[in-house]
There are 2 protein chains.
Amino acid sequence: MAGMKQVQRQTGVALWRQIADRIREAISSGAYDETGMVPPETVLALQFGVNRHTVRSALAALAQEGIVRAVQGRGTLIERKERLNFPISRRTRFTDGLGDQARETHSLLLGHAEEAANAEVARWLRIEPGTPVIRLETVRDADRRPVARGTSWFPAARFPGLVETYRQTESVTKTFAALGLSDYVRATTEITAAHADSGDLADLELTPGAVLLITKAMNTDLDGVPVQYSISRFAADRVQFTIEN
Amino acid sequence: MAGMKQVQRQTGVALWRQIADRIREAISSGAYDETGMVPPETVLALQFGVNRHTVRSALAALAQEGIVRAVQGRGTLIERKERLNFPISRRTRFTDGLGDQARETHSLLLGHAEEAANAEVARWLRIEPGTPVIRLETVRDADRRPVARGTSWFPAARFPGLVETYRQTESVTKTFAALGLSDYVRATTEITAAHADSGDLADLELTPGAVLLITKAMNTDLDGVPVQYSISRFAADRVQFTIEN
DNA sequence: TCGAAATGTCTATTGATATAGACAACCATA
DNA sequence: TATGGTTGTCTATATCAATAGACATTTCGA
């Protein structure tokens with residue numbers, strides 16, 4: 001069964017990085033749950049058909065991410081393996097959706113602006129291009145680990161003081177409530193995937209080549225009037241989405 | 001504005017591949033729609049802060065994928081930029097969902113087997129582990145381009161002759177209809193993202209490091225009894241999902 | 001306490017990646 | 001048809017990625 005877990009050569013992605021990605025995936029899928037450890041370097045080298053030093057480079061990268069910890073004489077221990085689940089439904093809310101999956105969640109406001117809606121934002125919010133909108137740039141953490149970074153736009157006229165309220169509540173739901181919108185629903189969600197860009201790498205503490213799940217979502221009030229359009233970029237190795245119909 | 005589009009060095013992902021991924025993304029987002037061409041190599045080299053030869057490696061990779069075509073003396077033309085949209089709803093069907101986005105769709109049956117349900121399949125189909133199930137391995141094309149590869153499981157007792165029917169109809173919906181199940185609904189969809197593995201690279205004609213959207217989906221009959229569980233792996237640069245609530 | 005098994009460190013060599021510069025070939029158009 | 005702008009090709013060099021082998025160090029159990 002040697003060489004079963006194949007890697008590709010000469011493709012612009014270093015073998016050690018491909019192997020790191022495979023092991024990370026294997027860890028989060030529970031493949032090593034019995035021992036709580038990654039197989040020995042020599043075994044992995046045999047499985048992937050590469051030199052032991054190449055495996056060591058991969059494990060060093062995972063150690064850097066805090067996923068594993070090597071102990072001389074014992075082996076390489078798994079430190080962390082969770083993947084958060086986000087339900088997507090008419091009632092989708094970021095923090096509530098996490099439920100008891102995280103003990104602690106935070107939303108850090110990176111920046112904000114009041115600006116004129118561009119064509120895309122105007123289309124989603126169903127307003128005229130050029131209408132004033134408020135833009136928020138946020139990073140969301142769960143248990144001190146960044147999970148997603150996002151940009152949200154809101155019609156400016158409807159939500160005066162939104163920025164300050166959001167900064168205090170760290171919650172869109174609470175901000176809406178404080179500004180007189182007691183309930184809202186998720187109308188549309190688009191999901192794509194892509195590689196992380198340099199901004200993602202910094203904000204989400206990722207390594208290049210990392211995979212993102214990207215959502216474009218629109219929320220409306222109970223009359224169907226759009227109140228929020230947001231683009232969120234999730235670290236794909238930390239989350240999954242669930243849709244119940 | 002030089003060096004605006006940043007790339008990361010010494011991270012196991014070659015610069016030319018990072019740049020290829022960025023340009024691919026820029027193309028599909030319509031950034032170069034005005035000219036129908038990629039900017040000149042010297043301009044890209046300046047933007048990314050790399051040598052022109054490095055940009056050429058990236059463009060060569062995109063040409064290999066059929067996304068661009070370089071013409072000496074003129075520039076590098078964009079050949080293809082589409083991204084298919086898959087609506088996910090209670091009525092989700094693969095081929096119908098594509099609507100008029102593709103002129104021609106195919107489903108190639110790679111393999112099939114009758115086997116005992118493992119723990120995961122049993123849980124999703126709500127049957128006892130060990131119950132006989134039929135497994136289908138398929139690759140789906142749209143306009144001659146592979147879009148997704150998938151594995152589906154069906155309760156064997158309920159659908160005798162399923163394999164032969166599917167091979168003829170190339171459609172789950174038509175197969176169900178032929179076997180007496182006139183209608184069904186999508187109950188649950190889980191979405192994750194990951195890097196392509198070696199099987200994906202071959203079946204979907206991808207290059208290593210490519211990004212996949214992965215769905216685990218369960219369909220039921222109108223009484224809520226599971227009739228199909230499937231894991232599908234979509235080439236992320238060719239598709240997006242839309243959820244309407 | 002010895003030995004097996006595991007990670008840590010070092011040297012050396014080869015091939016892929018990236019930079020640098022120069023010039024050829026080709027296209028559109030003024 | 002001359003020119004500027006573009007892609008194509010070649011040489012040379014430095015650095016990173018990967019292989020190979022040897023041996024040290026640590027842990028754990030027989």
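FYI, side chains are in, hydrogens and waters are out, and symmetry mates aren't considered; it's all heavy atoms of this structure. Keep in mind that this is a model prediction, so the values were computed, not measured. Order of the sequence lines sets the chain letters (A, B, ...), proteins ahead of strands, with each chain counted from 1.
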Between A:R238 (side chain only) and A:P146 (backbone N and O only), is there a donor and an acceptor less than 3.5 Å apart? yes
Please give, in whole Å, the distance from C:dA5 C1' to A:M37 CE? 11 Å
Round to a whole Å and report the spacing from CD of B:E41 to P of D:dT9. 11 Å
Taking the side chain as every heavy atom from C-beta outward, state whether A:D237 and A:D21 have any atom pair closer than 4.5 Å. no
Would you classify A:T76 as touching base, sugar-phosphate or nothing, given that sugar-phosphate means primed atoms plus P, OP1 and OP2, and contacts are heavy atoms under 4.0 Å? sugar-phosphate
For residues 122-132 of chain B, which residue pairs qualify under salt bridge (Lys or Arg N to Asp or Glu O under 4.0 Å), counting only residues two or more places apart or in two chains? none
Whole-Å distance, A:R17 CZ to C:dA16 P, equals 21 Å
B:L15 CG to D:dA17 C1', in whole Å, measures 13 Å
Would you give a per-nucleotide map of nucleotides 20-30 of chain C, 5' to 3', where B means the base has a protein non-hydrogen atom under 4.0 Å away, S means only the sugar-phosphate does, and - means neither? BB---BBBS--
Consider side-chain hydrogen bond (donor to acceptor under 3.5 Å, both in side chains). Of B:T215, B:D200, B:D203, B:T151, which one does B:R233 pass it with? B:D200
Across all chains, not counting sequence neighbours, the side-chain hydrogen bond (donor to acceptor under 3.5 Å, both in side chains) partners of A:T242 are A:N85
For A:L44 and C:dT7, what is the distance between atoms CG and C1' respectively, to the nearest whole Å? 13 Å
Given C:dT19, is OP1 or OP2 found less than 4.0 Å from the side-chain N or O atoms of B:T54? yes
Roughly how many Å is it from CZ in A:R69 to P in D:dT26, rounded to a whole number? 16 Å
Is the backbone of B:E190 close enough, under 3.5 Å, to the side chain of A:Q240 for a donor and an acceptor to pair up by distance? no
Whole-Å distance, A:Q18 CD to D:dA18 C1', equals 13 Å
For D:dA17 and A:S57 - does any side-chain N or O of the residue sit under 4.0 Å from the phosphate oxygens OP1/OP2? no
